[in-house]
Amino acid sequence: MHEIFEPIEIRKIEIPNRAIFPPLSTNFARDDGHLTSLFLRHYERRAKGGVGLLIAENSCISYPEGKHGAYEPRIDSWEFYDDWKKFVNCLKKYDSRTSVELTHEGWKKKGVDFLSEEKIWKIIESYGRAGEIACKAGFDMVEIQGAHGLLVNQFLSQLTNHRSDSWGPGIKFAVEIRKEIARRCGWNFPVTIRLAVDDFREGGITLEEGKRIANALQDDYDMIQADIGLGPKELRLEPMPFPQGWRAYLAEKVRPLKIPVAAVGMIREPDIAAEILRSKADMIALGRTLIADPDWLIKVREGRIGEIRKCIGCSECIKARHDEDTQIRCGINPQVGREIEIKRAAERKRIAIVGGGPAGLEAARIAAMRGHEVHLFYDEFGGTLNLAKLPPEKEKIQWLIDYYSQELEKYDIEMHKKKALKGDVLDLEPHAVILATGSKPLLPCPPLRNFVYLFDEVLRGEVRFENKRIVVGGGGLVGCETANLLAEDNEVAIVEMLPEVAMGMETLSRKYLLKELEGKGVKILTNTRIVDLGRGELIVEQDGEQHLIEADALVAAFGSKPYVPFRIEGIPNYIIGDAKGVRNIYSAVNEGFEIAIKL
Ligand SMILES: Cc1cc2nc3c(=O)[nH]c(=O)nc-3n(C[C@H](O)[C@H](O)[C@H](O)COP(=O)(O)O)c2cc1C
Ligand code: SF4
């Protein structure tokens with residue numbers, strides 16, 4: 001792993017290691033573009049974790065036309081200088097170099113053809129002003145957002161630029177921005193670029209062109225992050241199934257250059273990171289990797305690899321930022337959006353925790369960290385995570401189970417591997433009990449033997465089907481994922497009462513899953529209700545009409561209901577996770593954390 005910790009220079013600025021925290025919008029700024037204390041704490045936490053180069057998120061260089069997101073920080077006027085100065089000062093005590101991503105959203109649909117020459121120079125001036133604000137505020141460098149279909153990318157790509165003047169598709173706009181920043185800050189102030197080296201869209205920048213663009217920009221820019229352009233969003237905010245480091249080849253292809261080239265995307269494990277550094281890139285961007293675990297680098301350096309809380313790709317952060325436009329949150333790191341200090345409890349209490357799923361495990365971790373006497377009852381370590389990891393391409397969920405199993409070993413937790421009875425808890429005479437007892441599948445139809453099966457039996461492989469016609473009842477996330485597994489060997493249909501399947505899922509992950517189902521020929525019947533069933537057939541109703549479906553099995557995925565087997569009188573009972581309301585990993589982990597910091 002020593003590759004990760006080798007220093008590198010970006011135009012004479014020494015970066016202490018090869019890791020970059022790339023720009024990642026948090027929505028922690030205010031809607032007027034000013035920074036908040038949470039914004040500062042979020043970045044401070046990543047700097048404390050020892051990342052070599054920390055790049056603050058998309059920041060608006062021209063307001064309001066170039067604004068990209070409701071809570072995008074602004075760096076378009078001197079009004080914001082004090083905010084950024086405070087930001088840089090707050091990071092000074094750490095060994096991270098600092099940068100900020102200068103962004104103009106541009107006009108993805110319209111393209112840049114309509115811009116007058118005068119307007120183009122005005123925008124370039126805005127980049128220059130933003131660079132100057134950053135430089136004076138004390139940043140070590142700035143980064144130009146030249147990817148993701150935003151303005152600089154729009155100038156580079158033939159898809160959005162059909163101009164026949166000197167501003168036609170090519171590097172001129174990017175080069176003039178660089179010169180304007182140099183004019184104001186001097187050439188020694190480094191400017192890097194997040195570059196679309198492949199648009200991943202027909203008619204756009206191809207990797208061959210991307211290589212030429214990178215080559216041409218190396219005289220002006222000081223580091224390139226090899227990224228994706230105008231193409232599908234799910235390629236640059238990749239969902240869980242994407243393999244680690246899958247797009248590091250983009251960096252490899254544009255090398256060698258006389259400036260460093262960084263790889264980005266799904267780099268989660270240190271040996272993958274080291275391998276990329278050995279053969280494909282000079283630096284690595286660790287985005288969600290450091291959201292999920294800001295201490296990733298410290299743990300790698302100290303050889304505590306098993307303690308890393310690896311981003312599982314659950315896309316909760318993307319859902320918050322892109323679907324809801326709210327502050328980001330992390331499915332597995334409940335400190336995101338808080339960054340509070342976990343203090344020892346004033347009084348050591350005996351806490352019984354019933355349930356070894358994500359809610360119970362997180363509660364145990366935090367309660368033990370705070371010095372409580374923790375008793376954890378579980379029949380299966382990991383609880384529902386053991387089911388959630390079973391559908392195709394969900395194996396990264398095992399990482400979370402592994403993390404808790406390693407993490408809980410650090411504390412003196414009394415582990416009771418058994419299904420807790422009320423008497424077991426009473427015998428302990430605890431001060432409080434946390435019931436994280438999960439949920440049970442719902443079965444709102446007759447349990448016809450040899451015809452009706454529960455989704456969990458199928459996921460666990462307790463029942464197996466091959467070359468059968470299967471109806472999955474219920475098209476929620478669980479139903480769709482169960483269908484995805486079954487469709488590997490069977491003809492599958494999903495019957496869902498609502499107008500859509502997989503509702504509530506993050507948009508890009510949902511798109512990916514639906515494409516998988518389509519690819520495997522899964523038939524999706526929405527607005528459809530099962531009205532009757534008998535062995536071998538189902539009657540369904542759609543738009544007031546009834547149809548018969550012949551099937552070899554019905555797999556019930558109609559959802560689950562909270563399961564709370566008992567309560568303990570006379571002491572506080574806290575019900576968390578699915579036992580409180582069936583939701584997802586984020587809610588479970590978050591509630592485990594929340595209750596344990598209050599005890
Ligand atoms: C919630 C979220 C917000 C992001 N915001 C930005 C951004 O402001 N600017 C940017 O260039 N990329 C942004 N990205 C992309 C990341 O910088 C990074 O390229 C991407 O997440 C892939 O790397 P990772 O797998 O290490 O997270 C964002 C990604 C996520 C998940
Ligand atoms: S929310 Fe999910 S995808 Fe985002 S950083 Fe956390 S674990 Fe990774």
Side-chain angles (χ1 to χ4, degrees), residues 19-29 42 46 51 54-60 67-69 71-73 99-105 143-150 152-153 192-196 225-229 233-248 250-251 262-269 272-273 276 284-294 296 308-337 358 396-397 399-400 403 506 508-509 584-587 589-590:
I20 301 171
F21 181 51
L24 207 143
S25 318
T26 55
N27 280 353
F28 292 157
H42 173 78
R46 268 84 213 155
V51 67
L54 179 150
I55 309 176
E57 65 202 68
N58 280 148
S59 298
C60 179
K67 193 167 157 69
H68 182 57
Y71 300 93
E72 189 186 27
S99 180
V100 52
E101 185 181 51
L102 306 185
T103 306
H104 188 302
E105 184 173 73
E143 173 145 293
I144 302 302
Q145 167 48 286
H148 303 178
L150 304 177
V152 175
N153 190 175
T192 67
I193 185 161
R194 194 150 223 218
L195 186 65
Q225 284 199 58
D227 209 327
I228 290 175
K233 217 168 164 183
E234 60 272 25
L235 294 182
R236 55 188 158 84
L237 296 170
E238 50 272 81
M240 191 184 292
F242 278 72
Q244 286 195 68
W246 71 276
R247 51 181 160 125
L250 297 173
V264 57
M266 273 278 177
I267 302 169
R268 303 287 179 256
E269 291 179 302
I272 302 270
I276 291 172
I284 40 157
L286 305 172
R288 287 166 289 177
T289 307
L290 298 186
I291 293 291
D293 193 341
W296 191 95
I308 296 174
R309 185 171 42 204
K310 286 180 276 191
C311 160
I312 56 172
C314 68
S315 295
E316 197 67 31
C317 52
I318 302 171
K319 188 173 186 209
R321 166 65 183 88
H322 291 274
D323 291 354
E324 300 166 4
D325 216 352
T326 52
Q327 296 191 341
I328 61 157
R329 50 183 186 262
C330 177
I332 62 172
N333 177 5
Q335 283 277 36
V336 174
K396 290 193 182 90
I397 288 180
W399 289 350
L400 189 56
Y403 162 73
E506 184 275 324
L508 304 173
S509 305
N584 60 8
I585 296 177
Y586 162 74
S587 313
V589 170
N590 199 52

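In each ligand, atom 1 is the first atom listed, and ligand 1 is the first ligand listed.
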Proximity winner for atom 10 (C) of ligand 1, if only heavy atoms of Q244, E316, R194, H322 are counted: R194

Backbone or side-chain N or O of E101 under 3.5 Å from ligand 1 N or O: yes

Contacting atoms of ligand 1, where contact means under 4.0 angstrom from a heavy atom of R236: 20 (C), 22 (C)

Metal proximity, C311 vs atom 2 (Fe) of ligand 2, N/O/S cut-off 2.8 Å: no

For ligand 1, the portion of R268 having any non-hydrogen atom under 4.0 Å away: side chain

Metal check, atom 6 (Fe) of ligand 2 vs C330 N/O/S, cut-off below 2.8 Å: yes

Per-atom contacts of ligand 1 with G265, taking only distances under 4.0 Å to non-hydrogen atoms: 22 (C), 23 (O), 25 (O)

For atom 4 (Fe) of ligand 2, the protein heavy atom that lies nearest, with its residue and separation: C317 SG, 2.3 Å

For I318, the ligand 1 atoms whose distance to one of its heavy atoms is below 4.0 Å: 31 (C)

Contacting atoms of ligand 1, where contact means under 4.0 angstrom from a heavy atom of R288: 21 (O), 22 (C), 24 (P), 25 (O), 26 (O), 27 (O), 31 (C)

Contacting atoms of ligand 1, where contact means under 4.0 angstrom from a heavy atom of L237: 28 (C), 29 (C), 30 (C), 31 (C)

Enumerated ligand 1 atoms positioned under 4.0 Å from heavy atoms of P22: 17 (O)

Short N or O distance, Q145 and ligand 1, threshold 3.5 Å exclusive: yes

Close approach, H68 and ligand 1, non-hydrogen under 4.0 angstrom: no

I267 touching ligand 1 at heavy-atom level, < 4.0 angstrom: no

For N58, the ligand 1 atoms whose distance to one of its heavy atoms is below 4.0 Å: 7 (C), 8 (O), 9 (N)

Heavy atom of R247, distance to ligand 1 below 4.0 Å: yes

Heteroatom proximity flag, R321 to ligand 1, N/O under 3.5 Å: no

Side chain, backbone, both or neither: H148 near ligand 1, heavy atoms under 4.0 Å: side chain

V264 neighbourhood, listing ligand 1 atoms whose heavy-atom distance to it stays under 4.0 Å: 19 (O), 23 (O)

